[in-house]
Structures are given as structure tokens and as C-alpha cells.
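Indexing begins at 1, ligand by ligand and atom by atom, following the structure's order. Since this is a predicted model, take the numbers as computed values, not measurements. Count residues from 1 along the sequence.
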Amino acid sequence: MGNSKSGALSKEILDDLKLNTKYTEAELCTWYQSFLKECPSGRISKEQFEGIYASFFPDADPTAYARHVFRSFDTNADGTLDFKEYIVALHLTSSGKTLRKLEWAFALYDVDGNGTISKNEVQEIVRSIFNMIPAEVQKNLPEDENTPDKRANKIWSFFGKDESDKIAEGEFIKGVMDNKDILRLIQYDEPKKIQEKLKEKKQ
Ligand SMILES: [Ca+2]
């Protein structure tokens, strides 16, 4: 797709990204140039993607979370993302509750991709989110959500599930849409910090 050899972003991809993300043409073009510098093949590997997350969270360990995010966007499982997938990943992983973001959140939590979320899967993602929260911030979390297990239990009981139950996609999206607290608990919510880092990277 596109004409990556010229070093310019194809109009088709640019229009698509302008329409589907909050980013401006100038931002997208600048990011594309630095993307090509770091990934001359036009595709970013899982390791490079993890490296970018590591630079966003120097005080924490975002590796597991980055790996889950990468998996949820690498839909053909070839171990790489192209520029468009990469930008959509950055856009969707910032907080919010549009339908598309919640569909992505479901894919993130459905670790084995079987179409439902189990309690183990919630625990796994919540654990990876906790790895990104600096220790001093963890100390100030509310008592009933200050460990990965407590937070996973809180999410699970919100959905009214027994240990071995599963959450389907429609149920997940409706639940999160209807409850701000659950939206907060399922995501890693520090968009400002990420935005600042992205701005720094552009320079
Ligand atoms: Ca699953």
C-alpha cells in the first residue's frame, strides 16, 4: 500500500488518518519522517514498539503492556505494524470512550483472541497496567484497587460475574459505556504525559 519509497506519506493514508484520528496533517507528516528514520522498511517491529513505550515510561516497566497493545493491532500476527496501524494504535490507546476505542479495549483484554474475556485475561492486562504505575503513585491508590488482583476483582464484580464466567464483546462495551468508574479501571489513564512525550519526540 502507498508509495513508501518516495519518503512522502501517500494522500490516501494521510486522508484516512486525518479523518480517523485527532492528529493534524503537519503532525502526521512529521511523525512519518521520524518513523521512516527509525524504521526504514516502513514497518515497526514488536521490539521497536516496546522501545517507544519504554521511552514514554522511564520510571516504570511498560514491556508487558506494550506487548499486549502490539498484539491487539498486529491483526495478521506477522510481528510488524505499518505506519497507519502504528498511528491508529497511538490514537486509540489514549483515553476515551468512543465505540472504536472500546472495541480496541475489548481486543486488548481478549488475550487469546477467542471472542470472550475471562477473569484470567482481566488479571493479566491489569497486571501489565500496574507495571506502568510508578510505586509512589500506587501508594496513593484507593484501598480497594491498589493491587492488580483487587482492581481485577472490582472490574469482575462490576460485571456481576462468577470466577469461571466470560464477558462477551457487547456486554463489555455496554458496561464500560455505562460506568465511568469501570472505564477508568480498565485503562491506563495518563494521556497528558504521553502527549507531552509525543511532542518532545517530534522535535
Ligand atoms: Ca479470551
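Here the angle at the Ca ion (ligand 1) defined by OD1 in Asp110 and OE2 in Glu121 stands at 100°, rounded to 10 degrees.
Closest non-hydrogen pair, Arg71 versus Asp110, comes out as NH1-O, 3.5 Å.
Judged purely by distance below 3.5 Å, without hydrogens or angles, the side chains of Asp61 and Thr63 pair a donor atom with an acceptor atom. Side chains of Asn153 and Lys119: a donor on one and an acceptor on the other come within 3.5 Å.
The nearest N/O/S atom of Asp112 to the Ca ion (ligand 1) is OD1.
Distance check for Thr116 against the Ca ion (ligand 1): an N/O/S atom falls below 3.0 Å. At least one N, O or S atom of Asn114, from either the backbone or the side chain, sits less than 3.0 Å from the Ca ion (ligand 1).
Judged by distance alone, with hydrogens and angles left aside, the side-chain atoms of Tyr109 form no donor-acceptor pair with the main-chain N or O of Phe172 at under 3.5 Å.
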